[in-house]
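Proteins get letters first, then strands, A, B, ... in listed order; numbering begins at 1 in each.
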There are 4 protein chains.
Amino acid sequence: MSTPESQPEKTSARGKRADAVRNQQVLLDAAGEVFVTSGIDAPIREIAAKAGVGLGTLYRHFPTRADLVTAVYRHQIEACAEAGPKLLAEADLPFDALRQWIDLFVDFLVTKHGLADALQSESERFAALHTHFLDRLLPVCAQLLDAAAAAGEISSDVRPYELLRGIGNLCIGRDSDPRYDPRRLIEPLLQGLRPHAAPGA
Amino acid sequence: MSTPESQPEKTSARGKRADAVRNQQVLLDAAGEVFVTSGIDAPIREIAAKAGVGLGTLYRHFPTRADLVTAVYRHQIEACAEAGPKLLAEADLPFDALRQWIDLFVDFLVTKHGLADALQSESERFAALHTHFLDRLLPVCAQLLDAAAAAGEISSDVRPYELLRGIGNLCIGRDSDPRYDPRRLIEPLLQGLRPHAAPGA
Amino acid sequence: MSTPESQPEKTSARGKRADAVRNQQVLLDAAGEVFVTSGIDAPIREIAAKAGVGLGTLYRHFPTRADLVTAVYRHQIEACAEAGPKLLAEADLPFDALRQWIDLFVDFLVTKHGLADALQSESERFAALHTHFLDRLLPVCAQLLDAAAAAGEISSDVRPYELLRGIGNLCIGRDSDPRYDPRRLIEPLLQGLRPHAAPGA
Amino acid sequence: MSTPESQPEKTSARGKRADAVRNQQVLLDAAGEVFVTSGIDAPIREIAAKAGVGLGTLYRHFPTRADLVTAVYRHQIEACAEAGPKLLAEADLPFDALRQWIDLFVDFLVTKHGLADALQSESERFAALHTHFLDRLLPVCAQLLDAAAAAGEISSDVRPYELLRGIGNLCIGRDSDPRYDPRRLIEPLLQGLRPHAAPGA
DNA sequence: CATGAATGAGCGTTCATTCAT
DNA sequence: AATGAATGAACGCTCATTCAT
């Protein structure tokens, strides 16, 4: 399925009633907005109210908060994952592809701010989101990293998980602070991975 | 004295009763532990229980949660701030001092894990902690950065606030994840600040 | 029917669920009783317990204590207000109507004892109740007073607000004390308003 | 003891230490002020703080709140009681003495506002204050009432307790409301007790 | 004796979750 | 299937009261 945006999403579809499908989407939209406004720990009621549905409906579609959070960010993750190979194919140098992909990744984390927080959450409840996130993005990141290493553009032994995690961390709290722009740190971090930069350490 | 840890600290002492002073410390210890376990938003009751004192005692010593959080981390911040100039004086190269100081900084954030989370908190309530944190550490970081830049060891225009913030972010959630070690990203990040690392961008 | 007691009252009714309407009434009854027993500052929990509902239910129906207090006494006030003009129309002498109306007023204050206390409360929270009380009863009292004055049955310059307030005050604490019957003071007070009683002062 | 004001008061005195006696008085003064400001349910701490003594000291002198309240108002009550016979002896007509005495009574209730509230309190805790209050003032009121009745100036069968209670009630909440002046009702009430005022009823 | 630190019951309030309608 | 009323655990906080110092 190459265009996930074009369908009501696999979370529902199937023999469902039309209004049920519609509610699903309405809830996802509402939750996404509320997560940005009030964080992913926002009162369930607030989300249901914003969606204009009853509490029970929300619970029916997303029994746990984690289900909702996961569903909300699945799109983002999917699109990001798909961009990796494409960038690699298009770029002249693998390192450029990596840089562009991370830029995209940062875009997601920063524009849909809730995500970074969600991924950060210590709670067991978001294990599913974590898992999905890693399952989908770790291979992509690894591919890019490997390609750059194979081309001799990277000397560091940084692991994909570390990199993803670190970039994610750097993006936390970006919105609330105009003095802080994660990209101004990410660029040197990437440069630091290059071969010529490692006389010390 | 150079080791503030060795004294009951100015937060209390003075004409106070012995048990009051003791309770103050017991509470700080308990809070520190609980912050790690349950985050800085842990129920007040949990902290009081862990300390083995009544609720009222906690409130007497620390009327607001922010007071408690601030007190808990004041030590750490102070010791870290004092280490900066000392390292600069002792190191051969300013960049080495910077690296060592950041290592120390990471130590604090990582061993007293709650801190990074606390600094991250969006809440207005922790403005005092933020302020104290920045007031104390920003100048130190700036001094180290300036020294390194003056020695030609740094070419990046990274600002002290950005660096501090970024390092802090990278340390978030370190404990819960054995696969993640912030230092493995911090080292390349610092290398990326050096002159020879900037042909790209 | 002319007695508002006979209907569920506009406070609820409408498309509501049957049990919600029932709870509303159950809560009002319980609150009324508890107000008498423990005053209008009785613990919220006590009222909810007496009504046999959960805490949240009480909060749902009456978000603030003032809402509950007001709702509890709205009936009383309304019925009393409506009685004024009727008595005036039926009585031979305006003064008799006034006397009868005040008798009714006392009935309300004394049988639904909490009211006098509620009106007495200094708290800002009950401003709404105060307002409603005065909005509704002051004009009635004024009308009766004016009619009696116009008929030459009253010489005193007592103002409606004073009279209402005074009668209300006299009724405070009636229940707890068998030796005290406010009517035994109210009768002379009314007599004292008549023309022939004013040689002194 | 004709001038109770001139001595530290019987509540203490005796073989006590000088500072204990002083504390007693300081506490009474502080309590009196706080009762006016914050009502007789004001936090104990507030009173101790205003008096500049420790909590334990307050509790030592006045084990219960009622003890404190009673002690605070004992002076007032005593002075009022003593004024009755004096007024009766000086006045031309017993009714005038009654009127003046009640005026005095109202003065007390209104200037030391807390009193009316205290006497009103339903709580068992203030039984002692009630008792003292009645023990001391009821006979005085009775004497004045009897004298007026004996002189044919009063026809009503109002009982001393009722009158005292009613006047007290009328004074409740006077301070907070500029529109309300209890004396404007007390005057007609007293007039209503006179013989010529009773054709109706 | 005086002090005020410590205690903890008790209150108001929020909000996740269930379930009657 | 959708609704939202009901529930009650859990939390922050206050303050009367006790008791170590």
Closest approach of B/Ala66 to B/Phe126 (non-hydrogen atoms, all atoms of both residues): CA-CE2, 3.8 Å

Between E/dC15 (P) and C/Leu58 (CG): distance, integer Å: 18 Å

For atom CG of A/Leu27 and atom P of F/dA1, their distance in whole Å: 15 Å

Separation of atom CD in C/Glu46 from atom C1' in E/dG12, rounded to whole Å: 15 Å

Reading 5' to 3' through nucleotides 16-21 of chain F, protein heavy-atom contacts under 4.0 Å coded B for base, S for sugar-phosphate only, - for none: BBB-B-

Phosphate OP1/OP2 of E/dA5: any B/Thr57 side-chain N/O under 4.0 Å: no

4.5 Å side-chain heavy-atom contact, C/Val72 and C/Leu68: yes

side-chain N/O C/His61 vs F/dA6 OP1/OP2, d < 4.0 Å: yes

Donor-acceptor side-chain pairing of C/Thr70 and C/Asp67 below 3.5 angstrom: no

Flag side-chain contact, heavy atom, 4.5 Å: B/Tyr59 against B/Thr64: no

Close side-chain approach of C/Asn23 and C/Leu58, heavy atoms under 4.5 Å: no

Min side-chain heavy-atom separation A/His132-A/Tyr73 under 4.5 Å: no

OP1 or OP2 of F/dA2 under 4.0 Å from side-chain N/O of A/Arg60: yes

Short side-chain N/O contact to F/dA2 OP1/OP2 from A/Asn23, under 4.0 Å: yes

Pairs of donor and acceptor atoms involving the side chains of residues 35-51 of chain C, under 3.5 Å and at least two apart or interchain, shall be tabulated with distances.
residue : atom : partner  : partner atom : Å
C/Thr37 : OG1  : C/Glu33  : O            : 3.0
C/Ser38 : OG   : C/Glu46  : OE2          : 2.8
C/Asp41 : OD1  : C/Arg125 : NH2          : 3.2

Residue pair D/Thr57 / D/Arg60, side-chain heavy-atom distance below 4.5 Å: no

Between P of F/dG12 and CG of B/Asp67, the distance in whole Å: 15 Å

Non-hydrogen side-chain atoms of C/Ile77 and C/Leu129 separated by less than 4.5 Å: yes

Canonical and wobble pairing (Watson-Crick, G-U, under 3.5 Å) of DNA chain E, dot-bracket with |: .||||||||||||||||||||

